[in-house]
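Down below is the structure, laid out as C-alpha cells.
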Amino acid sequence: MKSIKRIALAMIFSFFATAFSQENDTVGIDDSIQREVSIVMTEQRFNLNPHTATYSSEAQILDALYEGLYSYDPHTLDPIPALATSCKISRDKKKLTFTIREGAKFSDGSDITAFSVRNSWLMLLATPSAPYASLFDCIKGAEDFRKGKASEDDVGIVARNNRTLVVSLVSPTAHFTKIICPPAFSVKTGQDSVFSGAFVLAERTDSSILLKKNPNYWGAQGVHVPSIRIKTSDDIVENAWDFNTGKVDWISSAFDSSKLLNKNAVRLSTIFGTEYIFFRCDRAPFDRADIRNALMAAVPWEALRKLSYVQATTLVYPISGYPEVEGLSDTSIDDAKELMAEARKSAGIDEKETLHLSMGIMAISERQKRQFELLREAWLPLGVELSALIILDQRYIESISDADADVFVYSWIGDFADPIAFLELFRDGSTLNQTAWKNEKFSKALSEAAVTTNAEERYKLLAEAETILLDDGVILPISHQIALHALNPNVIGGWFTNALDIHPYKYLYLKAYTPDIPNVVMK
C-alpha cells in the first residue's frame, strides 16, 4: 500500500515539462566519486521482516536487504535471475528446476544453497501473519501446509542438492518467476541480522536507517554506492530545502514542489496500483450482494473521484493484452431506492428500519474523511446511517482485521505486473483477502485461468473474474495510484521510472555533476 501526501498541482505541471533523461542513462560509472546516498521518506514505522511487511516503502528497503531467486529489472520490472542462474520448465509446465548461483553467500559469510531457499519459503508459509503466503498456493501441498493440514515434507519444494531446487506446481503457473520477485519470497535465515541482499542494516533509529554495502553479496562488484541513509520526515518545506542544498539526493512523496529550485527534479508517474473502498462481506445485512448494489447505485462517483489525478472505474490498472472491463460510474438515487426496497423485501428487513453501517478511516487523513462524508450523505436516503470508526494506528492496513467496521479505504500496488496481483486480494482462502468475500463463479474463473497455458485466454478469464467482483458490489474503485519523487537524474544514476515504483538500490550510483542553479535563498 502506498500513500501519497500533499501533492500540489505545480508538481503535475512541472512533471509534464520534464524530459526523462534518466531513461537514457548510459554514462560510465566513476567509482572514485561514489559516496553515501541520502533519501527522505514520509514518517512511518518500518517493518523490516520480508515475510510480514505490507507497505511499498518497506518493500523498497527490503529489496536492498534481501534477495530471492529472481529480482526486478530496474527498467522493465521483468523478472531477472538473482540467486538463481536459470530455471528449467518441464514439458507439462508443472515442475520448475532452479539452479542456485555458485558462490552466493549471506552477509555473515555462510553459503546460500537450495536448502536455504527451501527453509526460507517454508518459514514464510508457516508464518500466520504472512500476507503474501497464499501466492504460493500454486505449489503442491503449500496451501495445506500453511493451514496446518500437512507437514513440510508434503510441500512441493525440494532441494536435491546445494545448487538444485525443484518446485512442483498444482497447475502450470506461467507467472511464477514474477511472483517470487517481491521481498516476501526472498531468502532469509531465522536471524534478523543476516541478509542475502546487496546491503546490510548497519544502524536504525526512530527516524533514520543506515544501509551499508554487503561485501559478501554475490554481485558486490556491481554495487557502487558504499551506503544509503534513509531519513523519515513529513516536514515538506525542510525536505525541499535539504534537497536544494544537496543534503538530500532523493525525496519520496514528502516535499513542497514550489520550494524546489530545480523543477525538473520532480518525477511523477502513474503506477500499477488502485485506491478503492471495500465492504467486509461477512457482516449482515451487508453480506448480501443486493444490499451492497443498492448502495452502489447511490454512490456519487464524480464527487468521490474528483480529487484523484487518475480516476479509476475498475480494480485492475489497464495493461497490454488485458480485455476492457466495464467499470462502475452510474449514479441514480431513484434506481438505488428501488434496489434497496427490493433487497429489504428479499432479506425480510422492514422498509422503515434504519440500517447501520460503519466505516474505518485514519484520523490524519482528510481525504478519507471527505470520502466518508460523501458516502454518508448519499446513503441516508436509503435508510442507511453511516458512522465513522477512527483508526489512529499509523499502520492502517494491519489494523483492518481487528477493526469493528463494515467499510474500509484501501490502496494497493501490485507486486508484479499481472492482474492476479489484484484479484488475489479477493480469492477465497487468500491471506490477502480482507473482505471475507466468497463467490463460486469468481473462484472458478481464477481456477480456469490458472490451468490455461494460453496467455490470451488467461487474461480473458481474469477479466471475467474482475467483472464478477464488480457486479457483486464488493468494491468502489476510486483512483489509480501515482508515484511522486524529487530526484536529479544529473546526480543520481541507475534510477528509472517504472510501473511498480520499485527502484532497486543496488543499481544506484553518483554522477560527476556541476550544479547550474544560482546561489539564492528561498523563503
> Are Ile251 and Met41 side-chain neighbours, meaning at least one heavy-atom pair lies under 4.5 Å?
Replying inline: no
> Can you tell me how far CD of Glu58 sits from OG of Ser56, rounded to the nearest 0.5 angstrom?
Replying inline: 8.5 Å
>> Using a 3.5 Å distance criterion without hydrogens, assess whether the side chain of Thr232 forms a donor-acceptor pair with backbone atoms of Glu43.
In response: no
>> To check you understand the geometry: which heavy-atom pair defines the closest contact between Pro131 and Ser129, and what is its length?
In response: CD-O, 3.0 Å
> Taking only residues two or more places apart in sequence, or in another chain, which ones meet Phe145 in a ring-ring contact (aromatic ring centres under 6.0 Å, His included)?
Replying inline: none
>> Any heavy-atom pair between the side chains of Ser134 and Glu143 that's under 4.5 Å?
In response: no
> Are any non-hydrogen side-chain atoms of Glu457 and Leu461 less than 4.5 angstrom apart?
Replying inline: yes
> Can you tell which of Trp412, Phe416, Phe422 makes a ring pair (Phe, Tyr, Trp, His ring centres under 6.0 Å) with Phe272?
Replying inline: Phe422
> Val40 versus Trp250: any side-chain heavy-atom pair under 4.5 Å?
Replying inline: no
> Asp63 and His503: side-chain donor and acceptor closer than 3.5 Å?
Replying inline: no
>> Working note: Lys506 + Glu67, criterion salt bridge (charged side-chain N to carboxylate O under 4.0 Å, His left out); need CA distance, chi angles, decisive distance, verdict.
In response: CA-CA 11 Å; Lys506 70 177 183 178; Glu67 190 163 84; 3.0 Å; yes
>> Would you say the rings of Phe185 and Phe136 are close, in the sense that their centroids are separated by under 6.0 Å?
In response: yes
> With side chains defined as the heavy atoms from C-beta onward, is the minimum distance between Pro79 and Tyr72 less than 4.5 Å?
Replying inline: no
>> Less than 3.5 Å apart, any donor N or O on the side chain of Glu275 or Ser411 sitting next to an acceptor on the other?
In response: no
>> As an exercise, state the distance from OH of Tyr132 to OG1 of Thr52, rounded to the nearest 0.5 Å.
In response: 10.5 Å
>> Assess the residue pair Tyr505 and Ile230 against the criterion (side chain to side chain contact (heavy atoms under 4.5 Å, CB included)); give the C-alpha distance rounded to whole Å, side-chain angles, the decisive distance to 0.1 Å, and a yes or no.
In response: CA-CA 12 Å; Tyr505 292 165; Ile230 301 163; 3.9 Å; yes
> Can you tell me if Ser430 and Glu424 form a side-chain donor-acceptor pair at under 3.5 Å?
Replying inline: yes
>> Could you walk me through whether Leu425 and Gln434 satisfy the side chain to side chain contact (heavy atoms under 4.5 Å, CB included) test, starting with their C-alpha distance in whole Å, then the side-chain angles of each, then the deciding distance to 0.1 Å, before giving a yes or no?
In response: CA-CA 7 Å; Leu425 275 67; Gln434 296 270 23; over 6 Å; no
> Which heavy atom in Leu508 sits nearest to a heavy atom in Gly494, and how many Å separate them?
Replying inline: CD2-O, 4.0 Å
> How many angstroms lie between atom OG of Ser257 and atom CZ of Phe243, to the nearest 0.5 angstrom?
Replying inline: 12.0 Å
> With the threshold set at 4.0 Å, does a side-chain nitrogen-carboxylate oxygen contact exist between Lys460 and Glu456?
Replying inline: no
>> Distance check, rounded to the nearest 0.5 Å: Gln60 atom CD versus Leu500 atom CG?
In response: 11.0 Å
> Hey, are the side chains of Val451 and Val170 touching, using non-hydrogen atoms and a 4.5 Å cut-off?
Replying inline: no
> Quick one: are Thr467 and Leu469 in side-chain contact, heavy atoms under 4.5 Å?
Replying inline: no
>> Take a 6.0 Å sphere around CG of Asp206 and say whether it holds more than 12 heavy atoms from other residues, nucleotides or ligands.
In response: no
> How about Tyr459 and Glu464: does a side-chain donor come under 3.5 Å of a side-chain acceptor?
Replying inline: no
> Hey, mind stepping through Ile209 and Leu48 against side chain to side chain contact (heavy atoms under 4.5 Å, CB included) and telling me if it holds?
Replying inline: CA-CA 11 Å; Ile209 289 175; Leu48 296 184; 4.2 Å; yes
Going by atom type alone, with no hydrogens or angles, which donor-acceptor pairs under 3.5 Å involve a side-chain atom of residues 97-106 and a protein atom two or more places apart or on another chain?
residue, atom, partner, partner atom, Å
Thr99, OG1, Ser86, OG, 3.4
Arg101, NE, Ala82, O, 2.7
Arg101, NH2, Ala82, O, 2.9
Lys105, NZ, Asp111, OD1, 2.7

> Going through the distances and angles, do Lys511 and Asp30 end up as a salt bridge (charged side-chain N to carboxylate O under 4.0 Å, His left out)?
Replying inline: CA-CA 7 Å; Lys511 300 179 181 180; Asp30 183 354; over 6 Å; no
>> If the condition is side-chain contact (heavy atoms from CB on, under 4.5 Å), which residues does Ser227 pass it with, not counting sequence neighbours?
In response: Glu36, Leu210, Lys212
>> Check this for me: does any side-chain nitrogen of one of Asp249 and Arg229 sit under 4.0 Å from a carboxylate oxygen of the other?
In response: no
>> Please evaluate residues Ser308 and Ile478 with respect to the criterion side chain to side chain contact (heavy atoms under 4.5 Å, CB included), reporting the C-alpha separation (whole Å), side-chain torsions for both, the decisive distance (0.1 Å), and the verdict.
In response: CA-CA 8 Å; Ser308 302; Ile478 300 173; 3.7 Å; yes
>> Could you check whether atom NZ of Lys247 has more than 12 heavy atoms from other residues, nucleotides or ligands sitting under 6.0 Å from it?
In response: no
> Taking only residues two or more places apart in sequence, or in another chain, which ones meet Ser107 in a side-chain contact (heavy atoms from CB on, under 4.5 Å)?
Replying inline: Val194, Phe195, Val200, Asn214
Side-chain donor-acceptor pairs under 3.5 Å in residues 172-183, sequence neighbours left out?
residue, atom, partner, partner atom, Å
Thr173, OG1, Ser171, O, 3.0
His175, ND1, Arg458, NH2, 3.2

> Quick one: do the Asp92 and Ser90 side chains pair a donor with an acceptor below 3.5 Å?
Replying inline: yes
> Is the shortest side-chain N to carboxylate O distance from Lys140 to Asp154 below 4.0 Å?
Replying inline: no
> Quick one: do the Thr274 and His480 side chains pair a donor with an acceptor below 3.5 Å?
Replying inline: yes
> Can you name the residues that form a side-chain contact (heavy atoms from CB on, under 4.5 Å) with Thr205, not counting sequence neighbours?
Replying inline: Ser207, Ser208
> Can you tell me how far CG of Leu77 sits from CG of Asp415, rounded to the nearest 0.5 angstrom?
Replying inline: 11.0 Å
>> Using ring pair (Phe, Tyr, Trp, His ring centres under 6.0 Å), reason through Tyr507 and Trp495 one step at a time and then give a plain yes or no.
In response: CA-CA 7 Å; Tyr507 297 110; Trp495 194 103; over 10 Å; no
> Using 30° and 60° as the class limits, which term best fits the ring planes of Tyr276 and Phe426: parallel, tilted or perpendicular?
Replying inline: tilted
> At what distance, to the nearest 0.5 angstrom, does OG of Ser233 lie from CG of Asp242?
Replying inline: 8.0 Å
>> Looking only at side-chain N and O atoms, does Asn498 offer a donor or acceptor that is under 3.5 Å from a partner on His75?
In response: no
> Is Glu466 close to Thr314 at the side-chain level, that is, under 4.5 Å between some pair of heavy atoms?
Replying inline: yes
> Going through the checks in order, is the salt bridge (charged side-chain N to carboxylate O under 4.0 Å, His left out) test met by Arg427 and Asp137?
Replying inline: CA-CA 11 Å; Arg427 182 175 65 83; Asp137 286 357; 2.9 Å; yes
>> If we ignore hydrogens and angles and just use 3.5 Å, is the side chain of Asp428 paired with the main-chain N or O of Ser443 as donor and acceptor?
In response: no
>> Checking Thr42 against Asp234: is there a side-chain donor and acceptor pair closer than 3.5 Å?
In response: no
> Where do Leu423 and Ala465 come nearest, in terms of heavy atoms and distance?
Replying inline: CD1-CB, 4.4 Å
>> Closer than 4.0 angstrom, basic N to acidic O: yes or no for Glu238 and Lys231?
In response: yes
